[in-house]
**Q** 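Sharing a structure, written as structure tokens. Questions coming.
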Amino acid sequence: MFSLEKVDTGSQKHINGLFDILCSRKYNISHKQNPNFQEHENFVKNNPYRKWYLIINANRYEGTIYITYSNIIGVNLTLPTVEKYKDAINLVLKNHKPLKPIKSVRSAYFIINTNPYNNTLQKTLEELNFELIERSYAFIK
């Protein structure tokens with residue numbers, strides 16, 4: 001169903017597509033307010049991820065998926081369903097291995113964080129036999 005296209009940080013088409021996907025997100029973890037386009041473009045050009053892909057279906061961008069140097073997988077879909085999440089996550093799991101662990105820095109396993117209200121992603125992770133290992137809280141003044 002899906003295919004993955006490596007993000008080209010110098011491609012204006014990719015920068016624009018990533019911004020559209022970012023603006024369509026219903027659930028966020030790392031920010032409460034979206035960056036403006038210039039902030040987004042600077043972020044993309046300074047790609048902080050180990051691997052970063054656009055998720056494509058029928059020649060349309062339907063989301064993004066990335067792997068960090070901490071073995072965290074981030075997945076965002078424009079129209080998420082359990083089956084679509086499974087397809088995207090399985091593509092990454094099939095084609096990538098976690099980096100070796102570093103005590104107190106990096107897990108030996110891939111980890112996916114989810115917004116507490118994103119029930120679709122949580123259901124997907126349970127169906128894919130991911131283990132719930134923690135709940136995180138942020139102190140926000």
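Scope of the values below: all heavy atoms of this structure, side chains included, with no hydrogens, waters or symmetry mates. Since this is a predicted model, take the numbers as computed values, not measurements.
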**Q** Kindly compute the distance separating CD (Q38) from CZ (F43), expressed to the nearest 0.5 Å.
**A** 14.5 Å
**Q** Could you state the interatomic distance from OG (S70) to CD1 (I67), rounded to the nearest 0.5 Å?
**A** 12.0 Å
**Q** Heavy-atom distance under 4.5 Å between the side chains of I111 and N71, does that happen here?
**A** no
**Q** Using side-chain heavy atoms (C-beta onward) and a distance below 4.5 Å, is W52 in contact with L18?
**A** yes
**Q** Between L91 and I55, is any pair of side-chain heavy atoms under 4.5 Å apart?
**A** no
**Q** Just how far is it from atom CG of N90 to atom CG of N95, taken to the nearest 0.5 Å?
**A** 10.5 Å
**Q** Do K84 and F2 come close enough that some side-chain heavy atom pair is under 4.5 Å?
**A** yes
**Q** Can a side-chain donor-acceptor contact be found between Y85 and N118 if the only test is distance below 3.5 angstrom?
**A** yes
**Q** Please report the shortest heavy-atom distance between N34 and C23, naming the atom on each side.
**A** ND2-CA, 3.5 Å
**Q** Indicate if Y66 and Y61 have the same hydrophobic cluster label, given that clusters are the connected sets of ILVMFWY residues with side-chain heavy-atom separations under 4.5 angstrom.
**A** yes
**Q** List the atom of A88, the atom of V75, and the distance in Å for their closest heavy-atom pair.
**A** CB-CG2, 4.3 Å
**Q** Start with the C-alpha distance between Y53 and H14, add both sets of side-chain angles, then the distance that settles ring-ring contact (aromatic ring centres under 6.0 Å, His included), and finish with yes or no.
**A** CA-CA 10 Å; Y53 300 100; H14 281 192; over 10 Å; no
**Q** Kindly check if the number of other-residue, nucleotide or ligand heavy atoms within 6.0 Å of NZ (K86) is above 12?
**A** yes
**Q** Can F130 and I112 be said to form a side-chain contact (heavy atoms from CB on, under 4.5 Å), step by step?
**A** CA-CA 9 Å; F130 276 67; I112 297 179; 3.8 Å; yes
**Q** What's the separation between atom OG in S3 and atom CG in N57, rounded to the nearest 0.5 Å?
**A** 8.0 Å
**Q** Could you tell me whether the side chain of D87 and the main chain of E83 form a donor-acceptor pair under 3.5 Å?
**A** no
**Q** Within the distance-only criterion (no hydrogens, no angle test), does the side chain of T78 pair as donor or acceptor with the backbone N or O of E62 below 3.5 angstrom?
**A** yes
**Q** Ignoring hydrogens, what is the shortest heavy-atom contact between Y117 and Q122? Give both atom names and the distance.
**A** N-NE2, 4.2 Å
**Q** Any side-chain heavy atom of N36 within less than 4.5 Å of one from E39?
**A** yes
**Q** Where is the tightest heavy-atom contact between T9 and K45, given as atom of each residue plus distance?
**A** O-CG, 3.6 Å
**Q** Are Y109 and P101 close enough that some pair of their side-chain heavy atoms sits under 4.5 Å apart?
**A** no
**Q** Indicate the ring-plane relationship of F37 and H40, choosing parallel, tilted or perpendicular according to the 30° and 60° boundaries.
**A** tilted
**Q** Once rounded to the nearest 0.5 Å, what's the spacing between atom CG of L79 and atom OG1 of T120?
**A** 11.5 Å
**Q** Could you please spell out the steps behind the side-chain contact (heavy atoms from CB on, under 4.5 Å) verdict for T68 and I73?
**A** CA-CA 7 Å; T68 71; I73 297 172; over 6 Å; no
**Q** Taking all non-hydrogen atoms of both residues into account, name the closest pair between K97 and F110 and its distance.
**A** C-CZ, 3.4 Å
**Q** Do I21 and L54 come close enough that some side-chain heavy atom pair is under 4.5 Å?
**A** yes
**Q** Measuring from L93:CG to L128:CG, what's the distance to the nearest 0.5 Å?
**A** 7.5 Å
**Q** Can you find a pair of side-chain heavy atoms, one from L22 and one from P35, that are under 4.5 Å apart?
**A** yes
**Q** Working note: L4 + I56, criterion side-chain contact (heavy atoms from CB on, under 4.5 Å); need CA distance, chi angles, decisive distance, verdict.
**A** CA-CA 6 Å; L4 301 178; I56 300 172; over 6 Å; no
**Q** More than 12 non-hydrogen atoms from neighbouring residues, nucleotides or ligands closer than 6.0 Å to CD on Q12, yes or no?
**A** yes
